[in-house]
Amino acid sequence: MTTTPPPWPGDPLPERELELAAADRAVDALCRTRPEGGLLVYSGAAGIGKTSVLARVRARAAERCTVRTTRADPGTTAVPFHTARALFAPDLADTDGLAALLGPHRALAGPALGLTAPGDEPADPQGVQDALVALTARAARRHRARPLVLVLDDAHWADGESLGWLAALGPRLARLPLLLVVAHRPTEHAAEESRPHLDALGTAARLRVTLRALSPEAAAGLTRRALGTGADDALGRALWDATGGSPYELAELLARLREHPLDPGADQASAVRELAATVRGHRLADRLGGLGPDAARLAWAAAVLGAGIPLRLAASLAGLSPGRQATATGELRAARVLNPGDTVDFTHPLVAGAVYDAVPRSLRTTFHGRAAWLLTAEGHSPAAAARHLLEVHPDQDPALVEQLRRAAREHLAVGAPDAARRCLERALREPPEHHLRAHVHHELGCAALLTSPADTVRHLRTALELPGLDDTLRADATFRLAQALAHNQQMREASLSVAFAAATTEPGPERLRLQAAHFMYDAFRATEDDGPGRSRRLAQLADPLAGETNAERALLTLRAFDGMLRGENHTVVAEFCERALTDGHPAPGLGWTDTAWGFEYPCLAGITYAWIDELDRAEELFGEAVRAYEISGWSGGHLAFAHMLTGAVLRRRGRLAEAETRLRESLRLADRIGTGLPVHWDAVCLLVDTLLARGRTADAQRLAEARGFGPPYPDAMILPDAPSVHGRLLLALGRTDEAVAALEAASAMAERGRHNPVWAPWRRDLAGALATRDPERARALTRRLRVDAERFGTPTALGMALGCEAALAPAGAAPALHARAVAHLEESPARDELARARVALGLATGDRDQLHRGLLLARTCGADALAEQARSALA
């Protein structure tokens with residue numbers, strides 16, 4: 001796309017030398033033997049010359065590079081991934097290299113780029129964004145011989161999905177043979193959801209320049225260059241005063257003056273001001289009136305359709321025959337409204353905006369409605385026509401509602417939930433027929449699930465209050481409502497919502513599904529009125545079940561998880577897990593990417609295995625989760641959770657360095673979708689626990705302070721028990737009084753009937769803290785810890801309990817207890833606990849062999865402080 005040729009073609013752009021020199025340096029860096037990519041951002045007001053600067057950058061880069069360029073348009077702001085498709089159009093048209101370009105991400109990137117039909121299920125937005133980033137990296141490497149330069153003009157009008165992709169790409173550009181050049185107006189001109197992306201681009205840029213107006217001297221020089229040396233400085237000053245130094249307006253005025261010189265006897269300043277008024281705002285659009293009705297209607301239709309649409313469609317929308325179209329097109333080009341070509345291409349965005357604003361309001365609405373049907377008749381998808389339907393006045397049109405619903409489904413299928421939300425919100429304003437309103441609210445709630453839990457809650461509650469949903473959809477809406485409430489840290493509300501729905505649903509699969517969800521969200525709550533009572537009710541319901549249906553399997557999973565937390569014998573708990581799974585794997589419909597039941601049930605099965613010492617089973621399940629999410633492109637919260645759970649298994653194994661790496665990756669992924677989510681709390685809690693196990697207390701403290709880890713905790717259970725971990729951190733910091741208070745607070749787990757000494761080891765740490773100040777209380781805690789460990793029966797629990805007892809025992813009794821702890825932990829997968837027990841035994845007995853073995857194992861685990869303790873003892 002081009003703009004009005006300046007009256008100084010071929011000459012250097014006035015007062016833009018520094019900006020162009022920066023682009024030259026960036027291109028030089030890109031073309032080195034070891035290419036260095038980057039990002040340049042030019043911003044400034046409309047007409048300030050951004051497009052002219054980009055045109056020069058393109059021309060200079062094209063001598064050595066492969067240049068891909070596009071200009072965003074107000075008409076495509078609501079079309080997801082439009083800008084991405086436009087930038088990569090030449091590469092996507094290369095059928096021979098397309099498969100290599102898409103790589104393993106074809107299923108995600110293909111629909112977003114319009115190459116393949118969307119699927120039936122919503123695509124993960126983060127996964128689609130990651131797929132486009134990976135595609136861009138492959139494209140950059142493919143063009144290494146002539147490095148790739150992507151140029152985007154008027155980025156403030158780009159669709160939010162494409163801007164999100166570019167913002168994610170920005171920090172990676174320095175490591176890619178790729179230069180990205182972006183120009184945009186101040187961010188207040190962008191859609192609200194696009195502004196953070198523009199800010200992120202500016203932050204990542206190697207150079208961010210705000211273009212300024214031209215000086216009076218530059219205006220005078222351009223006037224002489226355009227009109228001849230006879231043009232005096234007074235005329236140049238008058239032109240500068242009239243335009244404020246705007247390059248676009250100055251170029252337009254000089255073009256007019258070349259065609260129609262001023263009367264030598266006229267008041268130059270007054271004449272220039274009058275002429276300047278015709279190149280901006282409504283006066284610019286008034287010029288169309290002098291061109292005749294056909295030219296005006298064609299310009300209006302073109303402004304409604306937007307850039308890139310064939311002019312023949314604009315003529316059809318305007319009701320012009322081919323002959324009248326040709327005449328009107330010629331007039332618009334002569335008047336510098338349209339550029340030459342077969343598609344809609346206004347000479348400048350200011351012209352396009354002024355023409356669009358000049359369309360009579362009633363005609364504009366009619367044009368948008370007709371444009372939607374015209375594009376549909378041309379074979380475009382409902383999503384392509386939807387942007388026009390958004391502008392049509394509500395009129396209780398059932399067909400329009402259905403088209404918007406279809407467009408929303410297509411938007412969701414390509415990973416654009418914000419676009420789907422806009423379509424469904426517009427469908428509600430139509431409004432839909434009475435019996436469909438609940439359906440639209442349900443769809444809107446589901447569309448907002450990944451982006452706005454609060455909107456999800458509002459729309460799903462409305463859907464449940466309205467008639468029209470059958471039992472299956474009503475149960476689905478309730479289940480998703482509970483998910484959104486839980487995601488928003490409202491566990492009590494999540495539990496109550498499914499409890500009420502279960503009580504009012506007829507017996508059958510949907511009722512069992514809701515009952516299972518009720519037990520699940522009650523179990524997830526940090527506080528509970530009657531935990532033991534809930535456990536009894538769950539046992540009565542689940543114990544007789546064989547696991548023949550998914551509802552039964554879900555209840556058995558919850559029964560196993562609850563038994564693990566309660567510290568029931570681990571063999572009994574494992575048997576419930578076996579009945580909940582099918583050949584050791586989630587049953588069809590209960591898998592990691594199945595949305596009807598949610599991913600919580602296989603998560604709970606894996607967590608249960610991890611805390612009953614069945615770590616191979618847990619690792620297998622969580623490995624399946626990571627693979628399933630990566631294959632399906634779910635790289636948002638689900639993948640973050642899968643990495644967190646894998647980190648939990650590594651922590652339980654005592655592979656502390658690997659656990660730290662995996663948990664930090666989980667946090668990185670979680671940070672991309674927001675803060676304060678359950679996965680953040682879990683990952684931070686596990687990471688603090690891991691750092692403490694490594695002996696890196698200062699790192700654990702910094703992480704806890706930076707992430708706000710500590711009371712008050714959310715109304716959601718944290719993995720593992722957060723007060724226990726926080727109390728251990730305070731102990732490590734030497735803040736014993738605070739640690740005792742925190743560990744006393746952790747005793748609420750026991751009040752809920754949860755006595756798993758590995759999940760919530762508060763008794764072990766509290767006994768150690770009270771050993772000298774209250775030895776009788778410390779001994780009582782160790783006795784109860786031993787009882788809980790023997791009931792639970794895992795080697796890890798028994799070894800930890802005996803080690804705690806040994807630490808508080810008289811010197812004569814301690815060695816035997818330490819030796820028994822080592823014997824149990826040798827059967828445990830928790831290698832760091834075994835290392836700790838060996839070092840303790842070696843210190844208690846002076847056994848250098850135990851110290852040496854403990855040292856080697858501590859080093860293998862990454863327990864640095866323990867290794868140093870053993871090394872010092874050996875020395």
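Because the structure is predicted, anything quoted here is derived from the model rather than measured.
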Minimal non-hydrogen separation, [X] against [Y], with atom names:
X: Arg138; Y: Pro104; result: NH1-CD, 3.9 Å
X: Ala640; Y: Ser666; result: O-OG, 2.7 Å
X: Glu410; Y: Ser381; result: OE2-OG, 2.9 Å
X: Ala372; Y: Leu389; result: CB-CD2, 3.4 Å
X: Pro186; Y: Gly44; result: CD-O, 3.4 Å
X: Thr76; Y: Asp159; result: O-CB, 3.8 Å

Measure the [atom1]-[atom2] distance between [X] and [Y] for me, rounded to the nearest 0.5 Å.
X: Leu239; Y: Leu257; atom1: CG; atom2: CG; value: 6.0 Å
X: Asn339; Y: Leu332; atom1: CG; atom2: CG; value: 11.5 Å
X: Leu173; Y: Leu39; atom1: CG; atom2: CG; value: 6.0 Å
X: Leu198; Y: Arg185; atom1: CG; atom2: CZ; value: 13.0 Å
X: Gln129; Y: Leu163; atom1: CD; atom2: CG; value: 10.5 Å
X: Arg208; Y: Thr203; atom1: CZ; atom2: OG1; value: 6.5 Å

Candidate pair Glu161 and Asp418, rule side chain to side chain contact (heavy atoms under 4.5 Å, CB included), full reasoning | CA-CA 9 Å; Glu161 291 75 16; Asp418 285 333; 4.3 Å; yes
Look at the side chain of [X] and the backbone N and O of [Y], then say whether any donor-acceptor pair between them is shorter than 3.5 Å.
X: Arg172; Y: Ala168; result: yes
X: Lys50; Y: Val182; result: no
X: Tyr356; Y: Val351; result: no
X: Ser194; Y: Ala190; result: no
X: Ser162; Y: Ala158; result: no
X: Thr70; Y: Ala86; result: no
X: His643; Y: Glu665; result: no
X: Arg85; Y: Ala112; result: yes
X: Arg68; Y: Pro90; result: no

Step-by-step salt bridge (charged side-chain N to carboxylate O under 4.0 Å, His left out) determination, Asp24 to Arg56 = CA-CA 10 Å; Asp24 288 340; Arg56 292 297 173 89; over 6 Å; no
For a 4.5 angstrom cut-off between non-hydrogen side-chain atoms, does [X] reach [Y]?
X: Leu150; Y: Leu179; answer: no
X: Val149; Y: Leu180; answer: no
X: Val27; Y: Arg60; answer: no
X: Leu667; Y: His680; answer: yes
X: Leu222; Y: Leu214; answer: yes
X: Asp73; Y: Asp154; answer: no
X: Leu211; Y: Arg16; answer: yes
X: Ile48; Y: Pro247; answer: yes

Pairing of [X] and [Y] as salt bridge, 4.0 angstrom limit:
X: Arg336; Y: Glu252; answer: yes
X: Arg237; Y: Asp241; answer: yes
X: Arg421; Y: Asp455; answer: no
X: Glu193; Y: Arg422; answer: yes
X: Arg333; Y: Asp345; answer: no
X: Arg206; Y: Glu36; answer: yes

Glu192, CD: over 12 other non-hydrogen atoms inside 6.0 angstrom =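 Counting neighbours around CD of Glu192, 12 or fewer heavy atoms of other residues, nucleotides or ligands fall under 6.0 Å, so no.
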Just jot down the ring pair (Phe, Tyr, Trp, His ring centres under 6.0 Å) partners of Trp165, sequence neighbours excluded, or say none.
->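 For Trp165 the ring pair (Phe, Tyr, Trp, His ring centres under 6.0 Å) partners, ignoring immediate neighbours, are Phe88.
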Hey, are [Y] and [X] close enough side-chain-wise for a donor-acceptor pair under 3.5 Å?
X: His184; Y: Asp153; result: no
X: Ser635; Y: Gln126; result: no
X: Asp91; Y: His143; result: yes

Apply salt bridge (charged side-chain N to carboxylate O under 4.0 Å, His left out) to the pair Glu188 and Arg195, showing each step before the final yes or no.
-> CA-CA 7 Å; Glu188 57 265 25; Arg195 294 171 192 169; over 6 Å; no
Side chain to side chain contact (heavy atoms under 4.5 Å, CB included) between Leu178 and Leu169, worked out | CA-CA 10 Å; Leu178 171 67; Leu169 183 65; 4.0 Å; yes
Report the C-alpha distance between Asp130 and Arg672 in whole Å, list the side-chain angles of each, state the deciding distance to 0.1 Å, and finish with yes or no for side chain to side chain contact (heavy atoms under 4.5 Å, CB included).
-> CA-CA 11 Å; Asp130 290 345; Arg672 301 193 302 178; 2.9 Å; yes
Side-chain polar contacts of residues 298-313 - donor-acceptor pairs under 3.5 angstrom, sequence neighbours left out - could you list them?
unit_1 : atom_1 : unit_2 : atom_2 : d
Arg312 : NH1    : Glu378 : OE2    : 3.4
Arg312 : NH2    : Glu378 : OE1    : 3.1

Evaluation steps, side chain to side chain contact (heavy atoms under 4.5 Å, CB included), between Thr69 and Leu54 | CA-CA 9 Å; Thr69 182; Leu54 291 194; over 6 Å; no
